[in-house]
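Okay, so here's the structure we're looking at.
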2 protein chains.
Amino acid sequence: MEERKKISMAVIRRLPRYYRYLSDLVDNDISRISSKELASKMGITASQIRQDLNCFGGFGQQGYGYHVDTLFSEIGKILGTQNNFKIVIIGAGRLGRALAHYPNFIKRGYEVTGIFDVSNTIIGSIINGIEVMNIDYLKSFTKLNKVDIAVLTVPSSSIRDVALLACEAGIRGIWNFSPKELDLPDDIVVENVHLSDSLMVLGYSLTQKND
Amino acid sequence: MEERKKISMAVIRRLPRYYRYLSDLVDNDISRISSKELASKMGITASQIRQDLNCFGGFGQQGYGYHVDTLFSEIGKILGTQNNFKIVIIGAGRLGRALAHYPNFIKRGYEVTGIFDVSNTIIGSIINGIEVMNIDYLKSFTKLNKVDIAVLTVPSSSIRDVALLACEAGIRGIWNFSPKELDLPDDIVVENVHLSDSLMVLGYSLTQKND
DNA sequence: TAGATTGTTAATCGATTAACAATC
DNA sequence: TAGATTGTTAATCGATTAACAATC
């Protein structure tokens with residue numbers, strides 16, 4: 001797997017967006033697209049698309065463009081859709097429960113295998129067909145089921161402890177919904193969803209428009 | 001309000017992060033911090049912090065650093081925390097309901113004034129003290145209550161229609177939780193939370209670690 | 001073949017970092 | 001005053017865009 005050079009995060013973060021647009025094209029039975037056409041749909045330059053895609057190899061064909069199906073599935077592979085990543089949700093509050101029903105887990109090739117909480121009122125209840133377990137069983141469950149990802153929807157006050165627990169349990173990636181930064185070993189991948197940050201950027205833009 | 005020059009989105013998107021770190025310092029009764037200290041806490045360069053802050057004016061003091069309280073409240077102002085933005089949530093499914101209870105709305109100076117849906121099973125129910133209204137009342141409610149922001153937690157299939165409806169109703173900003181891009185008039189501010197994009201970036205990183 | 005469009009190199013633009021004079 | 005640290009300019013680095021030869 002000889003990597004040519006480090007691919008920048010800026011490129012990686014655009015891949016899911018390409019993936020969505022290609023998914024729409026597939027749905028509309030469009031089989032072929034040029035970088036120029038796609039660029040105009042997405043509001044970016046054709047150059048950027050070609051540069052981005054060529055980080056991963058030449059998916060196109062000169063004089064023709066790109067096969068939509070091929071490109072869609074190639075980007076999917078790059079993003080790991082075929083890995084069947086297994087997920088547990090830790091924290092079965094409102095957000096955790098909403099995510100347990102999140103249809104894109106399935107659509108994007110992920111599988112929710114377990115839900116955990118600390119509260120006795122919640123433990124034992126069924127969410128989307130899965131019984132909420134006591135967090136004490138996280139470690140044994142994770143090992144047994146080879147869980148890859150922990151979705152953390154616990155209160156900020158306990159986020160760091162829970163994150164460490166998940167690491168001890170052998171989790172490899174964390175999808176963090178708390179507004180705290182996690183300082184974890186280098187081999188753990190963390191992806192943050194800082195909702196409040198996003199909201200405040202919206203607040204900033206609105207404030208600008210006021211003036 | 002003479003703007004010197006355009007402030008880049010890269011800078012803006014870092015502001016909420018500064019805001020969070022400063023909030024922690026305030027909570028810990030730390031009254032003074034240098035760019036160097038803050039930089040080491042945040043894992044960025046002191047230069048970047050000083051450059052970022054100086055987009056908005058000189059908040060520091062040579063030889064001393066920054067007053068934590070002042071800086072915190074100044075950044076808050078920039079982000080619009082004092083504007084008391086009014087919010088409606090459209091789509092009272094699981095995610096909408098979870099967001100209706102989101103504590104950071106209050107903490108960051110936002111107020112949820114209304115919740116809307118199309119389903120008769122949901123309309124009339126109470127979520128966090130607010131009765132879910134029929135979306136037909138969106139326009140009159142928005143005008144009457146001077147609502148600024150619509151949080152869109154509706155299915156992707158209806159997102160574009162609902163976004164247009166919100167614009168007609170006089171909303172100024174949209175917090176979009178669907179995986180679709182919105183093409184709206186220039187005076188409407190859109191902030192996207194593309195959960196599936198975030199998840200797929202996590203998937204990418206995990207796939208890389210596999211090799 | 002001629003036209004179209006890629007893959008890729010070179011040029012430009014913007015963002016980050018370094019350096020330092022100003023000054024508290 | 002001497003030491004510390006900012007605000008700001010200059011240097012570097014990286015990302016985006018433009019251009020074009022290769023080729024389907």
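Letters A, B, ... mirror the listed sequences (proteins, then strands); counts begin at 1.
- Partners of A:Ser140 by side chain to side chain contact (heavy atoms under 4.5 Å, CB included), not counting sequence neighbours, listed by chain and number: A:Tyr137.
- Take B:His101 and apply the ring pair (Phe, Tyr, Trp, His ring centres under 6.0 Å) test, not counting sequence neighbours, and it matches no residue.
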Nucleotide pairing, DNA chain C (Watson-Crick or G-U, distances under 3.5 Å), in dot-bracket with [ ] and |: ..||||||||||||||||||||||
Heavy-atom protein contacts under 4.0 Å, nucleotides 10-17 of chain D, coded B base, S sugar-phosphate only, - none: B----SSB
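- For an aromatic pair to be called close, the ring centres must be under 6.0 Å apart, and A:Phe116 with A:Phe141 satisfies this.
- Applying the salt bridge (Lys or Arg N to Asp or Glu O under 4.0 Å) criterion to B:Arg50, with sequence neighbours excluded, gives no partner residue.
- With sequence neighbours excluded, no residue forms a ring pair (Phe, Tyr, Trp, His ring centres under 6.0 Å) with A:Phe59.
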Under 4.0 Å protein heavy-atom contacts per nucleotide of nucleotides 1-7 of chain C, with B for base, S for backbone only and - for none: ---BBBB
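- Remark: A:Arg94 engages no residue in a salt bridge (Lys or Arg N to Asp or Glu O under 4.0 Å) (not counting sequence neighbours).
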Residue pair A:Arg13, A:Glu191: steps toward the salt bridge (charged side-chain N to carboxylate O under 4.0 Å, His left out) verdict: CA-CA 11 Å; A:Arg13 294 207 173 274; A:Glu191 172 72 16; 3.0 Å; yes
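- Of all the residues in residues 20-28 of chain B, not one reaches under 4.0 Å from DNA chain C with any non-hydrogen atom.
- In terms of the ring pair (Phe, Tyr, Trp, His ring centres under 6.0 Å) criterion, A:Tyr21 has no residue partners (sequence neighbours excluded).
- For B:Ala169 against B:Thr142, the heavy-atom pair with the smallest separation is O-CG2, 3.1 Å.
- For the pair B:Val154 and B:Ile90, the tightest heavy-atom approach, listed with the atom from each and the gap, is CG1-O, 3.3 Å.
- Residues meeting the salt bridge (Lys or Arg N to Asp or Glu O under 4.0 Å) test with A:Lys139, sequence neighbours left out: none.
- Residues meeting the salt bridge (Lys or Arg N to Asp or Glu O under 4.0 Å) test with B:Lys180, sequence neighbours left out: A:Asp24.
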